[in-house]
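If you're wondering where the values come from, they're calculated on a predicted model, not measured in any experiment.
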Amino acid sequence: MLMKDVLNVFQSDWASTPALKYEDSNFDINLNNIKDKTVLISGKDMALCFAYTILNLNDKKNLNAKVILAPTCSDFGNKIPDGVLQRDDFIFIEFERIGDIKQKIDYIFHTGLSGVKIKESFETYKIETNAISKIIDLACSKKVRKVILLSDCRVYGKGENKFRAFSEMEMGQADVDNFSVQLLRTLESDFTGLAEKQNINTAIIRTGIVLGACSGVYNGLEDVFKAVAKGEEVEIYSTENKITFVYISDVFNSVMYAINKELKGVYNLGGRDMTVSTGTLCAMLHDLFGTQAKIKTTEVGSFEGNELNCDKILFACFETHIDLQTALEICVWSYMDNQEDFIFPHEHQGRLKALQEILLGYLLEVDRICKKHNITYYLGGGTLLGAARHKGFIPWDDDVDIMMDRENYDKFLEVVADELPEGVILQDPKKDKTYNYCYARLRLADTVFATDFSKNHKGMNNGFFFDIFCHDKTANSKIGQKIHSQLTLFWLAMVFNKWNHRKVDNGKKVQSAICDVLKKIFPLRFSMRMLLITLEMFKHKKNAKYLYDGMGKSVAKGGFDKTFLDDEIRVDFEGVKLPVPAKYKEYLTNHYGDYTQLAPLSTRLQGHDITLCDLGKYSTFKTLK
């Protein structure tokens, strides 16, 4: 059974470990360390989430990791579908029997009491301390590479100063009556002491309060999320101190990072911009959901949690990616009836629908020009994906792509300037020295739509844009396609990094260093000229059987069947008929794999990191269909 058939849309999100990419970030989660490895995961609900995450990544990324799940609570197996229990990459075993495991174990993740509502009883103490002892014994006997224990912010107790953020070596007050604090401290102490005695490689990650839609992980806020989703009244305890939260996918990412970078010792983990009081949290929910958030604060009760100083893990170069607004929206939507329709409503400060209206106007104008001059074009990239899946825009998309072959692309560039309505400008890298993308764009004058990168190029028109891509011919042989793709990537790196004043970094130190030297030697326009020449390297090839995505994101994939773009059909797109390749299913499968699957929820964000957006007189534009 595939995990996509087990997980709902919210579980599938965190089980895909969404790591949002930013232009200023080199951070990545390397999963190769668990590829073909065996991981024992123990604990409670978070342990099941971790197990499902690795199984989901096995399906999506062919990790071939073996998961052994050993829960430290009874009747856990009832939560797991038979289809999962029967998977070849999954073993379910009672925790007391982990000593009977015959397989080699490479890593142990013990989720402990992180994300657990702790029951005050001697039985709880006995179960949890016994679990630590058995895990360390198993790690010793199996020569495990690394054991990671999750703890959480409750371990610090109560701070003397309500504005205090706890660092890893600091502890607050913990009277003998606070069972949770005493137990967490005991478990960490036992874990560290036993591991040192056995010389076992370990790390402890103390999480903030863990948020995770449909995860089963306890955070004390599920009643609030459910009430907001239903528009019902609810109360929440008003904390004096701030509390650090973190989303569950970032917890898994931190564990993987601890393996990748050989982190040792204790690390606090909080989410990005996720340290707030419960009062601020209520205000955020009100800003997100308006009067549907009927939340009252109360002085009665309690809310366990502390503010964490997470500088240590940041200094180790780990980055979290899900911020509090994103996490809250996902958690509340998980209780709504129309869950599958989830998108972030605040993208581009509420302008997304207006942006898409302008883009549709662009499309219709380009369609008119192409019809008039007998030019063949197709919807491309995410726009083609939207046509196939949504009969219109991907609901969270903020751009439009069209594609042509070289013959039609060149013809389009010859005629389009004379056909464009007033206020629309053509950017062609061959003619515009301020514009150094390798594909053409149409720009809307008297508007601004600039990314954090492009806003620095003040000489370039930064109006609202429309992308025009060309698929060029490539070699018929695999080796020829590989050379063509690599040469394209080289000149792309020369142009992009020179233009951005950045070092070349493709993950290979020697290669990057050589490219960085060459980047400094080659003038920018020379590199652009060489890139454009490389794209057209096979332009006059008579028997070409393949095209490649030299201007797009799939350049490294090499060639795809030229016949994919041979014939045209027209399909519904936002209520109008627009052209797509007759073999659009084959084309999309080649570029995206299973294109019918929606992107993880937390990645359903604007396609561009827009920092300046002004639509001017077009903010109320409506397309006449």
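- Donor-acceptor pairing under 3.5 Å is recorded for the side chains of Asn436 and Arg525.
- The neighbour count for Asn374 CG, taken as heavy atoms of other residues, nucleotides or ligands under 6.0 Å away, does not exceed 12.
- For Phe464, the ring pair (Phe, Tyr, Trp, His ring centres under 6.0 Å) partners two or more places apart in sequence, or in a different chain, are Phe449.
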For the pair Lys4 and Asp594, evaluate salt bridge (Lys or Arg N to Asp or Glu O under 4.0 Å) and give the outcome as yes or no after the intermediate values. CA-CA 12 Å; Lys4 69 177 184 179; Asp594 186 359; 3.4 Å; yes

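- Side-chain contact annotation: Thr53 with Asn56, donor-acceptor N/O pair under 3.5 Å absent.
- Side chain of Asp561 to backbone of Tyr546: no donor-acceptor contact under 3.5 angstrom is found.
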Would His484 and Phe538 count as a ring pair (Phe, Tyr, Trp, His ring centres under 6.0 Å) here? Give the steps. CA-CA 9 Å; His484 195 195; Phe538 294 90; 5.0 Å; yes

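- Evaluation of the side chain to side chain donor-acceptor pair (under 3.5 Å) rule for His390 yields no partner, not counting sequence neighbours.
- Ion pairing between Glu319 and Arg272 fails under the 4.0 Å rule for side-chain N and carboxylate O.
- Between Asp410 and Lys539, at least one side-chain N (NZ, or NE/NH1/NH2) sits under 4.0 Å from a carboxylate O, which counts as a salt bridge.
- In this structure, Asp572 contributes its side chain and Gly575 its backbone to no donor-acceptor pair below 3.5 Å.
- By the side chain to side chain contact (heavy atoms under 4.5 Å, CB included) test, Ala556 pairs with Leu489, sequence neighbours left out.
- Counting only distance, with no hydrogens or angles, the side chain of Ser554 and the backbone of Lys557 share no donor-acceptor pair below 3.5 Å.
- Evaluation of the side chain to side chain donor-acceptor pair (under 3.5 Å) rule for Lys37 yields no partner, not counting sequence neighbours.
- Proximity of a side-chain donor or acceptor of Lys519 to a complementary backbone N or O of Arg502 within less than 3.5 Å is detected.
- Here the straight-line distance linking atom CG of Asn32 with atom CG of Leu63 works out to 8.0 Å at 0.5 Å rounding.
- For residues 581-592, no pair satisfies salt bridge (Lys or Arg N to Asp or Glu O under 4.0 Å), with sequence neighbours left out.
- For the side chain to side chain donor-acceptor pair (under 3.5 Å) test, no residue two or more places apart in sequence or in another chain qualifies with Asp446.
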After noting the C-alpha distance and the side-chain angles of Asp323 and Thr326, does the key distance pass the side-chain hydrogen bond (donor to acceptor under 3.5 Å, both in side chains) rule? CA-CA 5 Å; Asp323 62 19; Thr326 302; 2.6 Å; yes

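- Residue Asp367 holds its CG atom at 14.0 Å from NZ of Lys372, rounded to the nearest 0.5 Å.
- Partners of Lys503 under the side chain to side chain contact (heavy atoms under 4.5 Å, CB included) rule, at least two apart in sequence or in another chain, are Asp516.
- Met404 has its side chain out of reach of Thr376: every pair of non-hydrogen atoms, C-beta onward, lies at least 4.5 Å apart.
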Apply the test side-chain hydrogen bond (donor to acceptor under 3.5 Å, both in side chains) to residues Thr320 and Tyr247: give CA-CA distance (whole Å), side-chain angles for both, the deciding distance (0.1 Å), then the verdict. CA-CA 9 Å; Thr320 54; Tyr247 201 66; over 6 Å; no

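- The side chain to side chain contact (heavy atoms under 4.5 Å, CB included) check on Ile569 picks up Val571, Val580, Ala582, Tyr584, with sequence neighbours excluded.
- Residue pairs satisfying the salt bridge (Lys or Arg N to Asp or Glu O under 4.0 Å) criterion with at least one member in residues 473-482, sequence neighbours excluded, are absent.
- Residues Ser16 and Lys60 bring a donor and an acceptor atom of their side chains to less than 3.5 Å of each other.
- The closest donor-acceptor contact from the side chain of Glu568 to the backbone of Pro579 lies at 3.5 Å or more, if one exists at all.
- Classification of Asp59 and Arg87 as a salt-bridged pair holds, one side-chain N sitting under 4.0 Å from a carboxylate O.
- The aromatic rings of Tyr439 and Phe469 are tilted relative to each other, their planes meeting at an angle between 30° and 60°.
- Between His373 and Glu414, the side chains place no donor N or O within less than 3.5 Å of an acceptor N or O (distance only, hydrogens not considered).
- When atom types are taken as modelled, the side chain of Thr474 and the backbone of Gln481 share no donor-acceptor pair closer than 3.5 angstrom.
- Taking CE of Met551 as the reference point, atom CG of Leu492 lies at 10.0 Å (rounded to 0.5 Å).
- Contacts of Tyr378 classified as ring pair (Phe, Tyr, Trp, His ring centres under 6.0 Å), with partners at least two apart in sequence or in another chain: none.
- A donor-acceptor distance shorter than 3.5 angstrom exists from the side chain of Lys66 to the backbone of Asp88, with no hydrogens or angles considered.
- Judged as a side chain to side chain donor-acceptor pair (under 3.5 Å), and not counting sequence neighbours, Lys411 has no contacts.
- Under a 3.5 Å cut-off, the side chain of Glu574 and the backbone N or O of Phe393 do form a donor-acceptor pair.
- Remark: the backbone N or O of Leu444 is paired with a side-chain donor or acceptor of Tyr362 at under 3.5 angstrom.
- Residues forming a side chain to side chain contact (heavy atoms under 4.5 Å, CB included) with Asn590 (at least two apart in sequence, or on another chain): Phe560, Phe564.
- More than 12 heavy-atom neighbours from other residues, nucleotides or ligands sit within 6.0 angstrom of CD on Glu536.
- To the nearest 0.5 Å, atoms OG (Ser477) and CD1 (Ile483) are separated by 7.5 Å.
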Evaluate the ring pair (Phe, Tyr, Trp, His ring centres under 6.0 Å) criterion for residues Tyr435 and Tyr437: first the C-alpha distance (whole Å), next the side-chain angles of each, then the deciding distance (0.1 Å), finally the verdict. CA-CA 6 Å; Tyr435 177 77; Tyr437 293 108; 5.5 Å; yes

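- For the residue pair Tyr107 and Thr38, no side-chain donor N or O sits within less than 3.5 Å of a side-chain acceptor on the partner.
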Please determine whether salt bridge (Lys or Arg N to Asp or Glu O under 4.0 Å) holds for the pair Asp399 and Arg441, giving the CA-CA distance in whole Å, both sets of side-chain angles, and the decisive distance to 0.1 Å. CA-CA 11 Å; Asp399 75 344; Arg441 260 182 180 167; over 6 Å; no

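- The two residues Gly550 and Thr488 make their nearest non-hydrogen contact at O-CG2, 3.7 Å.
- In this structure, the side chain of Tyr409 does not engage the main chain of His471 through any donor-acceptor pair within 3.5 Å.
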